[in-house]
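Following: one structure in structure tokens, then a few remarks.
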Amino acid sequence: HYADDEYPLSTAQRRLWVMEELTNNLPVYNATNAFTIKGKFHPAAFITAAEAVLRRHPVFYTTFSDSPNGPCQKIDWDMKLQVESVDLTDSGKEAEDIAFEAYAKDYATSFDLRKGPLFHCKLYKLKEGEFYFTMVVHHIIFDGWSHFLFYNQLWSFYQDLVLGNNIMEDIQKPLYCEFAQDQQDKNSLLYQQMQNDLKFWTEKLSGDLPLTALPGDKLRPAVFSHRGERIIEIIPTSKLAILESFCKDQNLTMFTLLSASVFALVHQYTGLEDLIIGTPIAGRVKSNLNHIIGCFINTLALRLKLDANMTVKNFLRETTNMCFEAFDHQAAPFDQVVSNLSLPRDTSITPVFNINVCFHNTEMKETHVDTPDDITVTRKLLHNETAKWDLYFDFLQERDGITFTLEYYSDLFSHTYAKDIVKNFLHMLDNICSSGHDDLMSQLMVPDVEEIPSHCKSILHGPMKDLGDKTLPLLINEAL
């Protein structure tokens, strides 16, 4: 048993530990899922199933603290892990609003990493045959892949219990904290792979790095505030079929196509030819980690050089090669890459990149567990009005198309400006998919960016306001 033992933090956890301090305990790193459940639902079986999943994964017993050797994590096996059941049937028509307000409060409340548990799971009964489940969990013990694992196991256990079958109660191994320990062991193969990839990225990102950022319509604050909003668009199945056909014809992955479209859009907005955007990766470098809930996520800095005179075909090939090269060196922890670069400290921006792209296509599809046919599950999520980067392009591929979410830094971009970015991105995506074999990058122009009268354009190709008598050097200095 490990109740009194201390384990080092993984590299991903160390970064989040530091970021938690820098963000003044804002709920920036709260992850969530919430959905309504209607139909022939068995709440007791659901709660039993959810609590069984919680008990199987030691991260839910984990807390964090300082030690003489630095921050550490501990597993408290005596911690009580439970799903709270809330009956709101007496509240009548107000039940749903009451549940949603309680969920909003949970989502907007920061966790104390030194005290557990680092999650809230609640099942609200709204009325007969209608329930609302909410989960809020700190990112330091949970990542995107963990979402898939948790709900896959939850629905699998639920269906077994409804049928009267036994469910698995064994602790999932290896323990996450053992993975964290392996990262620090200089004799481990994982550590050696990390060091090799670290050398690659230190060379790849050496020298002066380009500031890849879209011009906003607000003055960038001196300190990144993490205030954010989001816009959601659905790319329907009809358009998804076109994208998939284009990817097949060009031998591209969907991630490469979406990333290329972001690169092309940023190039048109800024005129820059050396660009860096970030992307999160699962970080599960060994197959025996695929079934473990925890924070394995890592980040890659995708650096691409392009110009308006290259063909679209060559641009896509360069993007593909760059992505393959990056993913071949994914073991290097991003925080260590940043540390090795010795970048000048700038509190107004995030290190290395300001734009992030993420594509989810329901990982591990072959083991996906559908919800039971006799209930209807509808996702009903909140946004906690925070942003980790200037722009975060998030794509979730599902049966009914792709959910495209743009999370934007609201102290830099107005909602109207952000809506234009979404519209222009979709236009750029269409242009790339309809481009001819020898079309040049310069022919992928998005009208709303390029058709602005020349006297209204800034040096960054964005719309300008009346700035009075301020000189260009003063404006640049203020923007930085």
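All residue numbers in this chain count up from 1 along the given sequence.
- Thr386 places no side-chain N or O within 3.5 Å of a backbone atom of Gly228 that could act as its donor or acceptor partner.
- Remark: aromatic rings of Phe425 and Phe404 are close, center separation under 6.0 Å.
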**OP:** Apply salt bridge (charged side-chain N to carboxylate O under 4.0 Å, His left out) to Arg230 and Asp394, showing your working.
**Re:** CA-CA 10 Å; Arg230 63 173 59 176; Asp394 185 81; over 6 Å; no
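- Ring centroid separation for the pair Phe255 and Phe327 comes in under the 6.0 Å cut-off.
- Side-chain contact of Thr32 with Tyr103: a donor-acceptor pair under 3.5 Å is present, judged by distance alone.
- Using bins of under 30°, 30° to 60° and over 60° for the plane-to-plane angle, the ring pair Tyr151/His147 lands in the parallel bin.
- Atom CG of Asp328 sits about 8.5 Å away from atom CZ of Phe200, to the nearest 0.5 Å.
- Taking the charged nitrogens against the carboxylate oxygens, Lys218 and Asp411 have no contact shorter than 4.0 Å, which rules out a salt bridge.
- Note that CH2 of Trp389 is 14.5 Å distant from OH of Tyr409, once rounded to the nearest 0.5 Å.
- A salt bridge is absent between Arg56 and Glu169; no separation between the charged side-chain nitrogens and carboxylate oxygens falls under 4.0 Å.
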Original post:
Between Lys286 and Asp182, is a salt bridge (charged side-chain N to carboxylate O under 4.0 Å, His left out) present by the stated rule, with each step listed?
Top reply: CA-CA 12 Å; Lys286 296 180 180 178; Asp182 202 26; 3.3 Å; yes
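- His291 approaches Pro174 most closely through the heavy-atom pair CE1-CD, 4.5 Å.
- In summary, the side chains of His57 and Gln153 do present a donor paired with an acceptor at a separation below 3.5 Å, with no hydrogens or angles considered.
- Judged purely by distance below 3.5 Å, without hydrogens or angles, the side chains of Ser85 and Tyr124 never pair a donor atom with an acceptor atom.
- The number of heavy-atom neighbours closer than 6.0 Å to CZ of Arg379, taken from other residues, nucleotides and ligands shown, is 12 or below.
- A salt bridge is defined here as a Lys NZ or Arg NE, NH1 or NH2 lying under 4.0 Å from an Asp or Glu carboxylate O, and Lys38 with Asp374 fails to meet this definition.
- The two atoms that bring Val352 and Leu341 nearest to each other are CG2-CD1, 4.1 Å, heavy atoms only.
- By the 30° and 60° cut-offs, the orientation of the rings of His138 relative to Phe111 is perpendicular.
- No salt bridge links Lys419 with Glu233; every basic N to acidic carboxylate O contact stays at or beyond 4.0 Å.
- Ring pair Phe334/Phe353 is tilted by interplanar angle, where 30° to 60° counts as tilted.
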**OP:** Using the side chain to side chain contact (heavy atoms under 4.5 Å, CB included) rule, take Ile75 and Cys177 through it: C-alpha gap first, then chi angles, then the decisive distance, then the call.
**Re:** CA-CA 9 Å; Ile75 301 177; Cys177 57; 3.7 Å; yes
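- No donor-acceptor pair under 3.5 Å is formed between the side chain of Trp17 and the backbone N or O of Leu9.
- For Phe41 and Phe131, the ring centers sit closer than 6.0 Å to each other.
- Using a distance-only test at 3.5 Å, with no hydrogens or angles considered, no donor-acceptor pair links the side chain of Ser339 to the main chain of Asp335.
- For the residue pair Tyr408 and His415, a side-chain donor N or O sits within less than 3.5 Å of a side-chain acceptor on the partner.
- Between the side chain of Ser206 and the main chain of Glu203, a donor-acceptor pair closer than 3.5 Å is present.
- Residue Asp373 qualifies as open at atom CG: its count of foreign heavy atoms under 6.0 Å is 12 or below.
- Summarising the local packing, CD of Gln193 is surrounded by more than 12 heavy atoms from other residues, nucleotides or ligands at distances under 6.0 Å.
- Without hydrogens or angle criteria, Tyr29 side chain to Met19 main chain gives no donor-acceptor distance under 3.5 Å.
- Here the SG atom belonging to Cys121 is positioned 10.5 Å from the CD1 atom belonging to Ile47, to the nearest 0.5 angstrom.
- Rounded to the nearest 0.5 angstrom, Phe413 CZ and Ile231 CD1 are separated by 11.0 Å.
- For the 3.5 Å distance criterion, the side chains of Asn290 and Ser287 fail to qualify, holding no donor opposite an acceptor.
- Summarising the geometry of Leu302 relative to Thr279, their closest heavy-atom pair is CD1-CG2, 3.8 Å, with the distance given to 0.1 Å.
- Summarising the geometry of Tyr132 relative to Ala34, their closest heavy-atom pair is OH-CB, 3.7 Å, with the distance given to 0.1 Å.
- At a cut-off of 3.5 Å, with distance as the only test, no side-chain donor of Ser259 or Thr256 sits close to an acceptor on the other residue.
- Smallest separation of non-hydrogen atoms from Ile355 and Leu214: CD1-CD1, 3.8 Å.
- One distance of note links CG of Leu391 with CD1 of Ile421; it measures 5.0 Å at 0.5 Å rounding.
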Original post:
Given the rule in the side chain to side chain contact (heavy atoms under 4.5 Å, CB included) test, do Leu113 and Thr63 qualify, once you have shown the distances and angles that lead to the verdict?
Top reply: CA-CA 6 Å; Leu113 300 184; Thr63 58; over 6 Å; no
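- Considering all non-hydrogen atoms of both residues, Ala180 and Pro8 come closest at CB-O, 3.4 Å.
- In this model, no donor atom of one side chain and acceptor atom of the other lie less than 3.5 Å apart for Asn69 and Ser67.
- Annotation for Asp66: atom CG counts as buried by contact number, over 12 foreign heavy atoms lying within 6.0 Å.
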**OP:** Check the pair Glu244, Lys239 against side chain to side chain contact (heavy atoms under 4.5 Å, CB included), reporting the backbone distance first and the verdict last.
**Re:** CA-CA 9 Å; Glu244 289 178 330; Lys239 186 169 182 177; over 6 Å; no
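- A cation-pi arrangement is present between Lys380 and Phe100 under the rule of less than 6.0 angstrom and at most 45 degrees off the ring axis.
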**OP:** Check the pair Tyr392, Thr405 against side chain to side chain contact (heavy atoms under 4.5 Å, CB included), reporting the backbone distance first and the verdict last.
**Re:** CA-CA 8 Å; Tyr392 177 35; Thr405 303; over 6 Å; no
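- Residue Leu189 places its CG atom among 12 or fewer non-hydrogen atoms of other residues, nucleotides or ligands, all under 6.0 Å distant.
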**OP:** Evaluate the criterion salt bridge (charged side-chain N to carboxylate O under 4.0 Å, His left out) for residue pair Arg303 and Asp274; output intermediate values, then yes/no.
**Re:** CA-CA 7 Å; Arg303 187 173 191 176; Asp274 187 3; 2.8 Å; yes
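- In summary, the aromatic rings of Phe179 and Tyr7 are positioned with their centroids too far apart to meet the 6.0 Å limit.
- Salt-bridge annotation for Asp143 and Arg284: present, with a side-chain N of the basic residue lying under 4.0 Å from a carboxylate O of the acidic one.
- No side-chain donor-acceptor contact under 3.5 Å links Thr319 to the backbone of Ala260.
- One finds the CD1 atom of Ile402 at 5.5 Å from the CG atom of Leu258 (value rounded to the nearest 0.5 Å).
- A donor-acceptor pair is defined here as one N or O able to donate and one able to accept, closer than 3.5 Å; such a pair exists between the side chain of Asp197 and the backbone of Ala331.
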Original post:
Between Arg15 and Glu20, does a salt bridge (charged side-chain N to carboxylate O under 4.0 Å, His left out) hold up when you go through it step by step?
Top reply: CA-CA 9 Å; Arg15 181 171 183 270; Glu20 189 75 9; over 6 Å; no
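- Ring centroid separation for the pair Tyr158 and Trp155 comes in under the 6.0 Å cut-off.
- Checked by atom type, the side-chain pair Gln183/Gln13 shows no donor-acceptor distance below 3.5 Å.
- Ring geometry, Phe60 versus Phe142: the interplanar angle falls from 30° to 60°, so the pair is classed tilted.
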